[in-house]
Amino acid sequence: MRTKIKDILSRDEADYKVNVKGWVRSFRNNQFIALNDGSCLANVQVVIDLGTDENIVKKITNGASISVDGSVVASQGKGQRVEVKADSVTILGECDPEKFPLQLKNRPSLEYLREIAHLRFRTNTFGAVFRVRHALAYAIHKFYNDRGFVYMHTPIVTASDAEGAGEMFRVTTLPFDNPPRTEDGAIDFKEDFFGRSTNLTVSGQLEAELGATAFGEVYTFGPTFRAENSNTARHLAEFWMIEPEVAFNDINDNMDLAEDFIRYLIKYVLDNNREDLDFLAQRLAEEEKQKPMNERSEMGLIEKLTFVVDNKFERITYTDAINILLDSPAYKKKKFQYDVKWGIDLQSEHERYLVEKHFKKPVIVTGYPKDIKAFYMRMNDDGKTVAAMDILAPGIGEIVGGSQREERLDMLMKRMEEMHISHEELYWYLDTRRFGTVPHAGFGLGFERMVLFVTGMTNIRDVIPFPRTPKNAEF
RNA sequence: UCCCCGAUAGCUCAACGGUAGAGCAGGAAGCUGUUAACUUCAAGGUUCGAGGUUCGAAUCCUCGUCGGGGAGCCA
């Protein structure tokens with residue numbers, strides 16, 4: 001019966017028999033094995049006799065997998081309280097040190113580790129990141145389950161291309177070198193697998209709204225695909241998104257939910273993944289030391305997370321945001337590359353100014369001009385703005401985008417016409433407004449952006465196991 | 001997609017247009033309660049690819065590939 005290293009270290013007692021299995025992180029002095037089994041960040045020290053069979057000792061190399069039978073004893077050394085005194089060591093899988101691409105003592109760069117993503121889980125950093133990622137995923141389900149939400153699986157393959165959330169990946173079984181054609185030469189999607197043109201989903205929101213008008217409170221948590229040629233540290237072609245949708249909620253309820261949600265997730269990880277977070281905090285602090293003074297962040301990772309848990313997000317309207325920007329020293333000194341005036345979409349530099357310079361905390365911006373937002377957002381009484389809300393996080397930018405939805409059939413149809421979206425194609429969406437329509441609201445939280453925020457990592461490719469980005473679908 | 005920067009030993013990085021180096025890893029030997037163990041020795045290179053300039057190119061120029069930072073699009 002195998003005992004996990006996490007259990008040995010947290011039990012913190014001596015004088016009992018165990019079997020431990022894991023991967024060798026380092027082997028010192030022909031005697032001391034630092035063994036890691038992924039159950040926690042820390043290694044357990046395995047001590048073997050100097051007289052151990054040389055054929056075994058030779059195979060205890062970095063990366064090798066071993067099984068150890070022995071006793072947990074109080075350590076004579078300084079670095080640990082308990083260690084495993086081995087009675088016998090079995091090599092499960094050898095690891096040729098000459099060929100093993102992961103050499104931990106060389107401080108491999110994140111970029112290099114990305115090239116060996118199949119092995120990078122075996123590092124402290126990625127071990128911590130992906131344990132935290134898991135904890136966040138679990139906490140998401142727990143948060144909504146505890147509040148009576150129904151977890152809804154919205155389709156991955158969709159025929160709807162009206163969501164306007166970005167470029168889509170086509171799903172087809174047609175031969176691309178010689179597709180069937182209609183009489184006028186267009187590709188005949190009637191011949192395709194689904195009998196129509198289909199794509200990978202860019203959002204589960206429209207389907208989630210259907211669920212919300214029956215269950216009241218639903219959420220989705222699934223993969224999402226955007227075929228945008230985005231090459232940034234914040235974009236993936238395949239990413240995960242959480243989209244709660246709640247009947248009878250207005251925009252203020254929506255903000256409350258999003259804020260409670262984010263704060264809950266951070267608190268969950270602070271309470272349950274402290275060892276990993278402390279390691280990531282230390283990693284980040286060392287990285288910050290490399291930066292010039294004026295680029296360093298004022299707070300450490302733990303401090304930042306605690307601050308977010310303890311403080312309300314700032315809530316401002318789009319119009320307030322524009323006025324703050326117009327009044328800012330940055331604007332007056334012409335520091336902004338893009339001009340500021342009512343009606344523009346806020347640029348990255350504007351969002352960063354609001355979040356990182358002016359408020360220095362997460363900011364919720366509401367009431368955006370209708371012309372820069374999607375058709376389904378509820379029109380405000382002024383006829384110019386919609387009940388949209390974006391949550392902007394320091395260092396990440398937009399982490400949540402949501403709105404109260406337009407529940408009034410006539411208003412919704414008018415907006416769709418203005419934006420050239422077919423009523424026929426979305427008849428099922430409009431039906432929710434035809435039959436027992438209710439006010440409702442929801443939002444989308446980018447899961448990887450949340451993981452970025454919590455772990456303090458800076459590239460989104462380092463918080464998803466196998467990133468899909470333009471020109472990269474390895475593994 | 002656009003702008004800027006980069007690619008040199010397995011990894012992290014040096015090298016003014018003039019003999020490609022170091023640390024670590026890996027190999028050999030030693031030491032033995034170590035903590036990224038330590039000490040000694042030996043080995044390790046198509047300088048990303050294709051062209052070009054030059055007596056001579058890692059170094060300069062052009063194109064390409066890949067990576068990083070920023071922007072756009074967004075979550």
Side-chain angles (χ1 to χ4, degrees), chain A residues 25-34 42-51 57-58 61-63 73-80 83 85 95-116 123-124 163-167 202-205 223-243 258 291 295 336-338 345-352 372-374 390-393 396-402 443-453 458-464 469-472 474:
Chain A
R25 284 287 177 85
S26 88
F27 185 32
R28 295 181 287 269
N29 222 351
N30 275 4
Q31 233 187 130
F32 304 100
I33 302 165
N43 306 319
V44 75
Q45 172 155 286
V46 173
V47 186
I48 65 169
D49 285 335
L50 280 169
V57 174
K58 268 198 301 198
T61 57
N62 293 352
V73 298
S75 178
Q76 298 172 39
K78 278 179 187 156
Q80 55 285 315
E83 63 195 15
K85 179 95 184 71
C95 185
D96 184 343
E98 204 161 351
K99 292 179 183 155
F100 190 43
L102 182 62
Q103 289 161 3
L104 298 169
K105 289 173 196 171
N106 287 334
R107 301 188 176 235
S109 63
L110 293 176
E111 291 79 22
Y112 172 71
L113 290 170
R114 215 173 286 152
E115 291 170 20
I116 52 166
T123 64
N124 284 339
E163 292 155 29
E167 292 297 311
V202 293
S203 163
Q205 180 203 316
T224 310
F225 305 88
R226 306 267 169 97
E228 300 287 351
N229 191 7
S230 296
N231 290 289
T232 80
R234 299 180 300 283
H235 288 86
L236 291 164
E238 176 184 283
F239 64 100
W240 290 64
M241 186 155 66
I242 301 99
E243 295 175 288
K291 292 185 187 170
E295 285 175 29
F336 291 135
Q337 192 186 336
Y338 292 86
D345 209 349
L346 296 178
Q347 302 295 314
S348 280
E349 57 179 356
H350 304 142
E351 296 181 350
R352 293 184 73 131
I372 59 172
K373 288 292 180 183
D390 283 357
I391 301 186
L392 310 176
I396 312 284
E398 187 178 342
I399 194 164
V400 161
F443 61 85
L445 171 78
F447 184 53
E448 283 76 18
R449 288 188 182 175
M450 188 68 202
V451 181
L452 273 183
F453 186 75
T458 50
N459 193 314
I460 203 161
R461 293 161 198 198
D462 295 330
V463 298
I464 188 167
T469 52
K471 303 276 182 280
N472 179 27
E474 188 71 33

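What you are looking at is a predicted structure, and each value in this text was computed from that prediction instead of being measured. Each chain gets a letter, A, B and so on, in the order its sequence line appears, and its residues count up from 1. Basis for what follows: all heavy atoms, side chains included, without hydrogens, waters or symmetry-related copies.
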**Study point:** Full working for side-chain hydrogen bond (donor to acceptor under 3.5 Å, both in side chains) between A/Thr224 and A/Arg226
**Key:** CA-CA 7 Å; A/Thr224 310; A/Arg226 306 267 169 97; over 6 Å; no
Review point. Side chain to side chain contact (heavy atoms under 4.5 Å, CB included) between A/Gln205 and A/Met241: does it pass, once the steps are laid out?
Key: CA-CA 10 Å; A/Gln205 180 203 316; A/Met241 186 155 66; over 6 Å; no
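In this structure, A/Thr224 reaches neither bases nor backbone, as no heavy-atom distance under 4.0 Å exists between it and the strands shown. Within the 4.0 angstrom heavy-atom criterion, only backbone atoms of the sugar-phosphate kind lie near A/Glu98; the bases stay farther away. When heavy atoms are screened at a 4.0 angstrom cut-off, A/Leu236 is found touching base atoms of the nucleic acid. Residue contacts shown for A/Glu111 are limited to sugar-phosphate atoms, with no base heavy atom under 4.0 Å away. Residue A/Glu115 is out of contact with every strand shown, counting any heavy-atom pair closer than 4.0 Å. Among the protein residues, A/Tyr338 comes within range of the sugar-phosphate backbone only, with heavy atoms under 4.0 Å from sugar or phosphate atoms but none that close to a base. Contact annotation for A/Asp49: no contact, since no heavy-atom pair falls under 4.0 Å across all strands. Contacts of A/Gly444 with the nucleic acid, taken as non-hydrogen atoms under 4.0 Å apart, involve only primed sugar atoms and P, OP1 or OP2.
The distance from atom CZ of A/Phe27 to atom P of B/G33 is 14 Å, rounded to the nearest whole Å. For the pair A/His235 NE2 and B/U1 C1', the interatomic distance rounds to 13 Å; values are reported in whole Å. As rounded to whole Å, 6 Å separates atom P of B/G67 from atom CG of A/Asn472. If you take CG of A/Leu113 and P of B/U12, they are 9 Å apart, rounded to a whole angstrom. Protein atom CD1 of A/Ile48 is 16 Å distant from nucleotide atom P of B/U34, rounded to whole Å. Protein atom CG of A/Asp345 is 14 Å distant from nucleotide atom C1' of B/A71, rounded to whole Å. In this structure, A/Phe336 places its CZ atom 13 Å from P of B/A71, rounding to the nearest Å. Between A/Ile33 atom CD1 and B/G33 atom P the separation is 16 Å, expressed in whole Å.
Considering all non-hydrogen atoms of both residues, A/Lys373 and A/Asp390 come closest at NZ-OD2, 3.1 Å. Contact record, A/Cys95 with A/Gly63: CB-C, 3.5 Å, taken as the closest heavy-atom pair. Shown here for A/Phe225 and A/Val202, the closest heavy-atom pair between the two residues is O-CG1, 3.1 Å.
Across every strand in view, B/U65 sits in a pair with B/A7 that passes the Watson-Crick or G-U test at under 3.5 angstrom. Using N1 to N3 plus N6-O4 or O6-N4 for Watson-Crick, or N1-O2 and O6-N3 for G-U wobble, each under 3.5 Å, B/C31 pairs with nothing. Remark: B/C74 base-pairs with no nucleotide in the shown strands. Criterion, Watson-Crick or G-U wobble with two distances under 3.5 Å.
Across B/G17 and B/U53, the matching C1' atoms stand 11 Å from one another, rounded to whole Å. Here the separation of B/U1 from B/C73, taken at their C1' atoms, is 10 Å to the nearest Å. Comparing the P positions of B/G10 and B/G49 gives a spacing of 13 Å, expressed to the nearest Å. B/C16 and B/U59: their C1' atoms are spaced 9 Å apart (whole Å). The separation of B/G21 from B/A58, taken at their C1' atoms, amounts to 12 Å, rounded to a whole angstrom. Atom C1' of B/G6 sits at a distance of 11 Å from the matching atom of B/C48, rounded to the whole Å. When the C1' atom is used for both B/G27 and B/G64, the distance is 38 Å, rounded to whole Å. Atom name C1', nucleotides B/C13 and B/A7: the rounded distance is 12 Å, in whole Å.
A donor-acceptor contact under 3.5 angstrom links the side-chain atoms of A/Ser230 to the base of B/C73. The base of B/G33 sits with one of its N or O atoms less than 3.5 Å from a complementary donor or acceptor on the side chain of A/Ser75. Judged by distance alone with a 3.5 Å cut-off, a donor-acceptor contact links the side chain of A/Gln76 to the base of B/G33. Side-chain N/O atoms of A/Gln80 and base N/O atoms of B/U34 include a donor-acceptor pair closer than 3.5 Å. With hydrogens and angles ignored, a donor-acceptor pair closer than 3.5 Å exists between the side chain of A/Glu83 and the base of B/G33. Counting atom types as modelled, A/Asn231 pairs a side-chain N or O with a base atom of B/U1 as donor and acceptor under 3.5 Å.
Checked against A/Asp462 for a side chain to side chain contact (heavy atoms under 4.5 Å, CB included), the options A/Leu452, A/Val451, A/Leu113, A/Leu110 give a single hit: A/Leu110.
Under the 3.5 Å distance criterion, the side-chain polar atoms of A/Arg234 are left unmatched by any main-chain donor or acceptor of A/Arg449. Checking side-chain atoms of A/Gln347 against main-chain N and O of A/Asp345 turns up a donor-acceptor pair under 3.5 Å.
Of the candidate nucleotides B/A37, B/U12, B/G72, B/A37 has the atom lying nearest to any side-chain atom of A/Arg28. Checking B/G33, B/A71, B/A37 against every side-chain atom of A/Ser26, the shortest atom distance belongs to B/A37. In the set B/A25, B/C11, B/C74, B/A25 carries the atom at the smallest distance from any side-chain atom of A/Lys105. Of the candidates B/G69, B/U12, B/A25, B/G69 carries the atom nearest the A/Asn459 side chain, counting heavy atoms from C-beta on.
One finds a side-chain N or O of A/Gln347 lying less than 4.0 angstrom from the OP1 or OP2 phosphate oxygen of B/G72. At the phosphate of B/G72, OP1 or OP2 sits under 4.0 Å from a side-chain N or O atom of A/Ser348. For A/Arg234 and B/A71, the shortest distance from a side-chain N or O to OP1 or OP2 is below 4.0 Å. OP1 or OP2 of B/U65 has not a single side-chain nitrogen or oxygen of A/Lys471 nearer than 4.0 Å.
Residue whose closest nucleotide on RNA chain B sits further toward the 5' end, between A/Leu50 and A/Leu346: A/Leu50.
Side-chain contact between A/His235 and A/Thr469: absent, with no pair of heavy atoms (C-beta onward) separated by less than 4.5 Å.
Look at A/Phe239 and the base of B/A75; the rings stack, centres closer than 5.5 Å and planes less than 30° apart.
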